[in-house]
There are 2 protein chains.
Amino acid sequence: MTATDAQRGPVTSEPTPPTQLGASDLLTVPFAGAPIFTRTRALRPTSKVLPEHARSHNRALVLQTLYTAGAQSRADVARETGLTRVTVSDLVAELIVEGLVAELGQREDARPGKPATLIDIARGAFQIVGIDLSEHEVFRGAVMNLDGRIVARAELARDGATGEAAYALVDALVAQLLAAATITVLGIGVGSPGVVDPVGVVRSAPNLGWSDLPLQARLTGATSLPVHVANDANVAVLAEHGATDLDDVLLIKIGHGVGAGLIVGGRPVIGGGFAAGEIGHVVVGTDGGPRCACGRDGCLEAWISAPRLTAQLAELDGTDAAGASAREEILREAGRRLGIVLAPVVGALNLSEVVLSGPAELLDGVFHEAAVDTLRKRTMAEINRDLRLRMSEQAQDIVLRGAAVMVLSGQLGVS
Amino acid sequence: MTATDAQRGPVTSEPTPPTQLGASDLLTVPFAGAPIFTRTRALRPTSKVLPEHARSHNRALVLQTLYTAGAQSRADVARETGLTRVTVSDLVAELIVEGLVAELGQREDARPGKPATLIDIARGAFQIVGIDLSEHEVFRGAVMNLDGRIVARAELARDGATGEAAYALVDALVAQLLAAATITVLGIGVGSPGVVDPVGVVRSAPNLGWSDLPLQARLTGATSLPVHVANDANVAVLAEHGATDLDDVLLIKIGHGVGAGLIVGGRPVIGGGFAAGEIGHVVVGTDGGPRCACGRDGCLEAWISAPRLTAQLAELDGTDAAGASAREEILREAGRRLGIVLAPVVGALNLSEVVLSGPAELLDGVFHEAAVDTLRKRTMAEINRDLRLRMSEQAQDIVLRGAAVMVLSGQLGVS
DNA sequence: TTTGTTCGTAAGGTTTACTAACAAACGTGA
DNA sequence: TCACGTTTGTTAGTAAACCTTACGAACAAA
């Protein structure tokens, strides 16, 4: 309904209950002062939209349709997108010229009518390079095809390198992978620890000794390829999002540190200071806890980081029943602590999907159970009834896969 | 950069560090299995965009520019939006025909060139009706002008009405306010407690005895006006967002219950089950707490709801120093509990602005201080350094004002 | 009076996606 | 076998939206 339709129609039917209930207090306030809504961003648009923007949107729509549904005819795409066959043909012609889409020959099955010419994204024409800098001891990378399958891997031991030396390792790793790629590389995706801004500057990554390192710009300069850089957990959640189809996902990444990646309403959450997901140093509970490297007691990272858990388990010497029980207790308490931190987040965002990523031998078992249990006990059952907390199925390649999604999204989707 | 530019250029300059560091492990993985990314929503577009959509977007852009910056010339709007003077003139002509924009005569100040014709949103041509159902004892409403100033108020005592009787009260209140409006009403905004879905069905509001009540549809039927309904806290945060200009805001609304409204990346968060912000029954801390109506111990609502705090304070009889101290302790502990719940949310979302809304006599003081203090102590200072936790300045009209923003956004902005 | 500036509008062009129409190619059934 | 209907993809023309270019009107300053 447009605003011109807005007329203060006479209150039609509804029988206005006379005075049976409640005192009515109708008073008029004098007109005074300045406007109260100084800036109303609720009226959302912030920049103009031209017809060409609409076209690139529709172009990405066609690509997405092909990507998710696979090979099909132009007419199929038209039906699925709502665009006309003419428009789809036009867009597809453009995409074929650019090499992003290819014709696959005629459809085989027997149907009335002119046989359809199948088209699909040129899956065999591009590869993606993904880099995972989140591990403490090693930088890992892979060449992937457009479907996210890993074609080649490479890794370089970090040996404690920081600063420029660490960057040199990244550069070398990228060079190795580009050499290993067999066809055109669509782009490079990097998941880095620390705080990364939207233009790919690593604002702060203490473990790597990086601050304000323009990682994306430097890699673009070195390779002349599109490069996308983001926080490792924020990258990882893209992989889960690609696999799950849900609009809201929280991924908890437990390794040397503890971080989170968050997608809300289908969009990655960046955070005002580009530090969304940095929950490792949130204090858990009201009863103290282990001393954290940051100086406080009871940080989430001090409770559940992989090194911490491993060290705690190593302190147990007995392998008898008592040892097993103590081991379980350590993991159960850690899982419980995670649940305690997650409860307010899950409640506030009404999340339906929380994913756990990290060493399965630590997390997939008692830890997981305790986290689920705690989360259920601490959130409202009726509201979060279809909440799932599950282990990631992507194992240790989650950042690499997420990096591929990031490149796909950045290079083929709308920015 | 388009994908056609993506070429695997030879790794150019960067001196590849020879073999000084790390073993390189490059292996090839056989091609096998199905695509891994079954659905990649990261390629975002989900529906086609036609030129007319672009136009309505630009139309809203012009309206927003006028709304926020006030009366100005067409040329000014063109400069600010990036559209050409021609296009702006065209859009403005359309808006003038619809009555949404009006010419105000020529600009007064002396400048070279042809004097500008000032235009502005027709602020005097429309009013908005807002309804606040969040209070326990009374349904409140107001007629507002487009700037959010309240022109007339009305309220009806609830007297415990639930179900259909409660709806009848809402209907009567709306009718009263429509009668009090002096000009065309742009639309009606309603903030209701409970879980409200995007089409304005109150899925569940236990206090009002509503479940699956199609409030928006029924009010539209009764008034023939555009109606927008949302959860009270989600409505309230719109008012703060309108006033602050930040892209991320969390509003905590403390009254008979405790709820939150959340805007992330400039967009309201709804939640998978439409229950985002329902944090009243998240358990706080690891040391028990007061018994909650929901049956558990230590829910946030049991700690900090207004009735609970009032009751606790009433139990203190002494007005001497010891009494004042006890009173402070109660409020301090409540504020601390709020800080404990907020820390994980603030950390995960990297929020920069948290706003407190509720009875100032309870919240604005020790409670507030304790919440700020706790929040700072429990989140990472370096990351959340520009975090603000402040009292709302909108007092008890926050839901009404938010309802006005909701109507403005829905009727004049892009949907 | 002249010059330069600014505003708003008019005319014409480009891009975009639409509708309408059609040829090609196929199955179906008389 | 052959007319008929169906489906595909393309061609041609149209409508919408925004752009560039150009121009008259109205003003300040020299």
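Order of the sequence lines fixes the chain letters, A, B, ..., with proteins taken first and strands second; residue numbering starts at 1 for each chain. What you see is a predicted model, and the numbers here were worked out from it, not measured in a lab.
Taking the side chain of A/Ser73 as heavy atoms from C-beta on, and the options D/dC18, D/dG9, D/dA28, the nearest nucleotide is D/dG9. Listed candidates were C/dC18, C/dC7, C/dG27. Nearest to the side chain of A/Thr84 is C/dC18. The side chain of A/Gln106 has C/dC26 as its nearest neighbour among D/dA12, D/dT8, C/dC26. The side chain of A/Val86 has D/dT10 as its nearest neighbour among D/dC18, D/dA26, D/dT10. Among the nucleotides C/dC18, D/dC19, C/dA24, the one closest to the side chain of A/Leu83 is C/dC18. For A/Pro51, the listed nucleotide lying nearest its side chain is C/dT16; candidates were C/dC26, C/dT16, D/dG9. Distance from the side chain of A/Arg85 is smallest to C/dA21 among C/dA21, C/dT9, D/dC18. If you check D/dC27, C/dT16, D/dT8 against the side chain of A/Ala75, the one that comes closest is D/dT8. The A/Glu52 side chain lies nearest to C/dT16 when the options are C/dT16, D/dA25, D/dA17.
A donor-acceptor contact shorter than 3.5 Å is absent between the side chain of A/Gln216 and the backbone of A/Pro214. Side-chain atoms of B/Asp248 come within 3.5 Å of backbone atoms of B/Gly265 as a donor-acceptor pair (strictly under, hydrogens ignored). Listed for the A/Thr68 side chain is a donor-acceptor partner under 3.5 Å among the backbone atoms of A/Gln64.
The residue among A/Glu94 and A/Pro112 whose nearest nucleotide of DNA chain C is located toward the 5' end is A/Glu94. Across the interface with DNA chain D, nearest-nucleotide mapping of A/Arg74 and A/Gly113 shows A/Gly113 to be the residue nearer the 5′ end. Between A/Pro115 and A/Gly82, it is A/Gly82 whose nearest contact on DNA chain C lies nearer the 5' terminus.
Residue B/Thr117 places at least one side-chain N or O under 4.0 Å from the OP1 or OP2 atom of C/dG8. At D/dG9, none of the side-chain N or O atoms of A/Ser89 fall inside 4.0 Å of OP1 or OP2 (strictly under the cut-off). Side-chain nitrogen and oxygen atoms of A/Asn58 include none within less than 4.0 Å of the OP1 or OP2 phosphate oxygen of C/dT16. Put simply, B/Thr87 has a side-chain N or O that comes within less than 4.0 Å of OP1 or OP2 on D/dC19.
Between the NZ atom of B/Lys114 and the P atom of D/dA26 there is a distance of 7 Å, rounded to whole Å. Remark: C1' of D/dG9 and CZ of A/Arg79 are 12 Å apart, rounded to the nearest angstrom. Here C/dC18 presents its P atom at 11 Å from CG of A/Asp90, a figure rounded to the nearest Å. Rounded to an integer number of Å, the gap from A/Leu91 CG to C/dT16 P is 9 Å. Rounded to an integer number of Å, the gap from A/His53 NE2 to D/dC18 P is 12 Å. The CD1-P distance, from A/Ile96 to D/dG9, rounds to 11 Å in whole Å. Going from atom CG of B/Asp76 over to atom C1' of C/dT6 covers 11 Å, rounded to whole Å. Between the C1' atom of C/dT15 and the CZ atom of B/Arg55 lies a distance of 15 Å, rounded to the nearest Å.
Counting any heavy atom pair closer than 4.0 Å across all strands shown, A/Val88 reaches no nucleic acid atom. Residue contacts shown for B/Arg107 are absent, as no nucleic acid heavy atom lies under 4.0 Å away.
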**Study point:** Steps toward side-chain hydrogen bond (donor to acceptor under 3.5 Å, both in side chains) verdict (A/Gln127, A/Thr182)
**Key:** CA-CA 8 Å; A/Gln127 289 174 337; A/Thr182 52; 3.0 Å; yes
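Taking a cutoff of 4.0 Å between a charged side-chain nitrogen and a carboxylate oxygen, A/Glu80 and B/Lys48 do not qualify as a salt bridge.
Between A/Leu95 and the choices A/Ile121, A/Val62, A/Leu66, A/Ile119, the side chain to side chain contact (heavy atoms under 4.5 Å, CB included) rule is met once, by A/Val62.
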